[in-house]
Amino acid sequence: MLHSEQRELPAGRGQRTALVVAGDALSAAGDTFAAWAYSGSGRSRVDVFVAKDFRDPWDEQAARRVGNLRPSMENRDGAAIRHATRLMAAHPARHRLLVVLSDGRPLDCACPAYRDRYAIEDTRAAVREARAHGVHPFCVTVDSQARGYLADMAGAVSYTVIERADQLPERLVAVVRRLTAR
């Protein structure tokens with residue numbers, strides 16, 4: 001899953017590149033995967049964009065769909081994680097790893113209540129719900145402030161912080177390889 005807000009275009013480009021590189025690595029390893037992007041505005045509008053579904057091949061067309069993703073609205077991570085959990089739980093698999101790639105803390109400026117502590121707690125609840133359904137979320141962010149909230153939101157060993165967007169492709173592939181080797 002990929003998220004990018006309007007204010008983070010450099011990270012957004014790095015995220016798209018990282019997702020294509022990770023897709024290449026997963027495809028080469030023979031792993032079944034999906035690539036979704038999300039954005040939202042308020043509780044009733046969380047849009048999910050499918051770059052690649054589980055049954056789709058990872059090919060030039062899928063990579064192009066990732067490359068065509070553009071920053072949009074806000075990131076309601078809790079809603080996106082819940083949606084991805086439903087999709088993943090319905091797909092037969094021995095292991096279900098959900099990599100949430102985000103440019104920062106969950107928030108929704110269209111909804112003043114979905115900020116700060118509430119947004120973090122909602123995302124934390126969504127992560128717990130995912131685990132209860134056999135989906136294992138792992139958060140990857142390029143937010144330098146993330147250490148202050150990610151351990152609480154995702155769990156002490158279920159996240160990584162990448163300091164610069166240009167490090168994202170290499171680091172994301174390393175994270176995916178480590179997590180899928182289990």
Side-chain angles (χ1 to χ4, degrees), residues 1-27 31-91 96-111 114 119 122-123 126-127 130 135-143 146 150 153-154 159-162 165-169 171-173 175-176 179-180:
M1 220 167 30
L2 166 77
H3 170 72
S4 181
E5 295 177 23
Q6 273 183 345
R7 61 184 170 78
E8 294 289 340
L9 275 174
R13 271 187 237 117
Q15 288 173 329
R16 290 188 299 271
T17 300
L19 189 54
V20 168
V21 171
D24 289 345
L26 288 167
S27 181
D31 289 336
T32 301
F33 67 98
W36 305 301
Y38 66 98
S39 190
S41 179
R43 174 181 283 176
S44 62
R45 175 126 189 246
V46 177
D47 299 329
V48 176
F49 307 95
V50 180
K52 180 198 172 306
D53 205 351
F54 288 113
R55 65 187 170 279
D56 297 336
W58 180 251
D59 56 15
E60 282 298 316
Q61 191 173 13
R64 198 172 12 263
R65 283 191 296 269
V66 169
N68 288 335
L69 293 171
R70 293 294 176 258
S72 188
M73 296 172 280
E74 303 295 339
N75 59 315
R76 273 189 168 248
D77 292 358
I81 290 169
R82 286 180 182 96
H83 182 73
T85 296
R86 281 190 296 277
L87 294 174
M88 293 177 78
H91 184 77
R96 291 183 179 91
L97 172 64
L98 172 61
V99 177
V100 180
L101 176 57
S102 179
D103 60 2
R105 133 186 343 249
L107 76 110
D108 186 345
C109 292
C111 177
Y114 200 90
D122 180 56
T123 304
V127 166
V135 174
H136 305 284
F138 188 89
C139 300
V140 178
T141 187
V142 290
D143 180 7
L150 260 179
M153 190 173 82
Y159 73 92
T160 192
V161 177
I162 298 170
D166 65 325
Q167 299 172 322
L168 191 52
R171 294 278 308 278
L172 181 60
V173 169
V175 163
V176 169
L179 293 171
T180 57

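Bear in mind that the values here come from a model prediction, so they are computed numbers and not experimental data.
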Identify every side-chain donor-acceptor pair in residues 57-64 under 3.5 Å, counting partners at least two apart or on other chains, and give the distances.
from  : atom 1 : to    : atom 2 : distance (Å)
Trp58 : NE1    : Asp24 : OD1    : 2.7
Asp59 : OD1    : Gln61 : N      : 3.2
Asp59 : OD1    : Ala62 : N      : 2.9

For Asp53, salt bridge (charged side-chain N to carboxylate O under 4.0 Å, His left out) partners two or more places apart: Arg55
Measure the [atom1]-[atom2] distance between [X] and [Y] for me, rounded to the nearest 0.5 Å.
{"X": "Leu101", "Y": "Ile162", "atom1": "CG", "atom2": "CD1", "value": "7.5 Å"}
{"X": "Asp47", "Y": "His83", "atom1": "CG", "atom2": "NE2", "value": "10.5 Å"}
{"X": "His136", "Y": "Thr85", "atom1": "NE2", "atom2": "OG1", "value": "10.5 Å"}
{"X": "Leu26", "Y": "Lys52", "atom1": "CG", "atom2": "NZ", "value": "9.0 Å"}

Side chain to side chain contact (heavy atoms under 4.5 Å, CB included) between Asn68 and Phe49, intermediate numbers included: CA-CA 11 Å; Asn68 288 335; Phe49 307 95; over 6 Å; no
Minimum-distance pair of heavy atoms, taken over all atoms of [X] and [Y]:
{"X": "Leu19", "Y": "Ala35", "answer": "CD2-CB, 4.2 Å"}
{"X": "Thr141", "Y": "Ala146", "answer": "CG2-CB, 3.4 Å"}
{"X": "His91", "Y": "Arg96", "answer": "O-NH2, 2.7 Å"}
{"X": "Arg171", "Y": "Val161", "answer": "NH2-O, 3.6 Å"}
{"X": "Trp36", "Y": "Ala84", "answer": "CZ3-CB, 3.7 Å"}
{"X": "Gly78", "Y": "Ala126", "answer": "O-CB, 3.5 Å"}

Test item: [X] and [Y] side chains (from C-beta on) under 4.5 Å apart, heavy atoms:
{"X": "Phe33", "Y": "Leu97", "answer": "no"}
{"X": "Tyr38", "Y": "Arg76", "answer": "no"}
{"X": "Thr160", "Y": "Phe138", "answer": "yes"}

Exam field: side chain Arg65 to backbone Ala51, donor-acceptor pair closer than 3.5 Å: yes
